[in-house]
Amino acid sequence: MIDFKEKIAIAISKITNIDADEIKRYIEVPQNNEMGDFAFPCFKLAKELKKAPQMIAEDIKNSFFDGENAEISTYVGKANVVGGYLNVFVKKDVYIEDVMKEAITKGSNYGRSSIGNGKTIVIDYSSPNIAKPFHIGHLRSTVIGNSLYKLYDFLGYKVIGINHLGDWGMGVCRTIAGYLMWKDEYDFTTRPIDAILAIYVRYNKIEKEDPDFKQHAVDALKKLEAGDEEITKIWKWIIEVSLENYQKIYDLMDCKFDSYNGEAFYNDKMDRVIKELEDKNLLVESEGAKVVMMDEDIPPCMILTSQGTTIYATRDLAALLYRIDNYKFDKCLYLVASEQSLHFKQIFETLSKMGYKEYADRCEHIPFGLVLDEDGQKMGSRKGNATTLEEIFNESIEKSLKIIEEKNPDLEDKNKVAEKVGVGAIIFNDLANSRIKDEIFDWNQILNFNGETGPYLQYTYVRTRSILRNLNEVPQEADYKLLNDKEGYEVVRLIGSFADTVKLACDKNEPSIVSRYLLDLAKAFSRFYNEHHVICDDKNVQNARVLLTKVAGDVIKEGLSLLGIRCPEKM
Ligand code: ARG
């Protein structure tokens, strides 16, 4: 594929004598293509060239097609100056042909790249706490992490997805203690997870009113740590039941992990953490506990409690050492709510002090906002609304089924379609805006087939497929120049920026960049479809439009799959 950006960067570089790679990094794609296909913000060079941006833009423009730059006229039609920007318009015919040929020949590999080859990235996501409901709070970690997994994979990285389960400590021991006391009162035969969760909730309620009640869980934890046979058996069973329940949700979300090494996995790997910290004289006694002091103005990182037990942070350090040894990662991302920012600052700094600065620098906490209901309340805080992910997905699937039944009563496999639509709607809502923003959970928005939603994108894809189904055959190639009208060109331009969009989303660890892109593409396709007849008298024009329809649909489908959303073929 022709790298227009690079061609333009080289041309500008020859005129300004500034490194072409640097220039390429600055070149932007304007939102509105009336402002050009590419724009170069000249203020980026103002300091280096000691000139006003507007002047720089004028100078570049005046020599753009001159002398040794003459070749650029094969690719660029014109350049003009607006403010401090040089706006560049490519030769549409050349561009359209290039993008369409590439998309048609690459098929489902279109947009894929190899820039990540040879690099390993660890993504720590989902990571629910065993024996607690798979809460809406873990939705975001799962959805964003799952999408980043797919996006990095698409760029050729070796990705290791880790579900760092919260399968150790007081949480699970509250359930164990409750189970020991009340097991006869519950039915574990049909949906054991419900009974386990009910026990957890009941235990916590009592402990809230009577703090001494905590002792039961403390005792259970002591026994678990000592390897008590009965307690270990219950613990294992609880993990098994919980994982079975999570698996259903992960399957719905097309979410996989390469490792389920949770906190318990590191039980026999703690001594090394303590020893390395001691060897480096980093452990300081503080009120009976052992801590590592931090440089910045943040509280010390606790490693051992006053009872001598390890904690969450100790386990995260053990996990990091393990990941360094086993994966030698180039990046390690943690998809965890922003509430844990301090925790990650502490463990990354501790790791650095332990002598692993190089690796500490490759670690990054990727935070995200809360999930709020339509009244702006934290989801799940009000009684009555669904709070487990399973309930939420079920509700969404049911609601989708109703809508589909109204819209298209004769559709085959309605339940399967409703599953894709219902689940896709929840996922898209989570990824629609930049992750750090709080997410609003409003059913009317989420399932609005005409809004900026998952169902809208799925519906656009389905429409492209139904256009193709109505034809006797889909051509292999066409005269793509015939797509050179305003609406057609806009669709091509978006298709052409698919690969760059995925790269940008990974650079910023921000799947919403892909979500916004897909909305733009779907809207552009709808405008094209409303303005022009795909099926028309001129067969050459028809062939070109049919292939544009096909590629637009393919990219929407592929883009959605990178978000973890499946597309039905009909809906
Ligand atoms: N289980 C933790 C929680 O729910 C999240 C774990 C995140 N990953 C990690 N390596 N700390 O709060």
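In each ligand, atom 1 is the first atom listed, and ligand 1 is the first ligand listed.
Residue contacts with ligand 1 for Tyr125 are absent, since no atom lies close enough (heavy atoms, distance under 4.0 Å).
No side-chain donor-acceptor contact under 3.5 Å links Gln445 and Asn429. Side-chain atoms of Gln247 and Asp251 form a donor-acceptor pair, as typed in the model, at a separation below 3.5 Å.
The minimum heavy-atom distance between Asn129 and Tyr246, with the atom names listed, is O-OH, 3.4 Å.
Here is the list of ligand 1 atoms found below 4.0 Å of a heavy atom in Tyr334: 10 (N). Counting the atoms of ligand 1 from 1 in the order shown, those under 4.0 Å from a heavy atom of Tyr312 are 2 (C), 5 (C), 6 (C), 7 (C), 9 (C), 11 (N). In summary, the atoms of ligand 1 found under 4.0 Å from a heavy atom of Asn129, numbered by their order in the structure, are 1 (N), 2 (C), 3 (C), 4 (O). Each of the atoms 7 (C), 8 (N), 9 (C), 10 (N) of ligand 1 lies under 4.0 Å from some heavy atom of Asp124. In summary, the atoms of ligand 1 found under 4.0 Å from a heavy atom of Val336, numbered by their order in the structure, are 7 (C). Near Phe344, meaning under 4.0 Å from any of its heavy atoms, are these atoms of ligand 1: 11 (N).
With respect to atom 4 (O) of ligand 1, the closest heavy atom belonging to the protein is His138 NE2, 2.9 Å. Nearest protein heavy-atom neighbour of atom 12 (O) of ligand 1: Gln340 NE2, 2.9 Å.
The shortest N or O to N or O distance between Arg323 and ligand 1 is not under 3.5 Å.
Atom CD1 in Ile193 sits 9.5 Å away from atom OG1 in Thr388 (nearest 0.5 Å).
Counting only residues at least two apart or in different chains, side chain to side chain donor-acceptor pair (under 3.5 Å) contacts with residues 151-163 comprise Tyr152-Lys331, Tyr152-Asn509, Asn163-Tyr250.
For the pair Arg362 and Tyr359, the cation-pi criterion (under 6.0 Å, within 45° of the ring axis) is fulfilled.
A salt bridge links Lys275 to Asp279: at least one charged side-chain nitrogen sits closer than 4.0 Å to a carboxylate oxygen.
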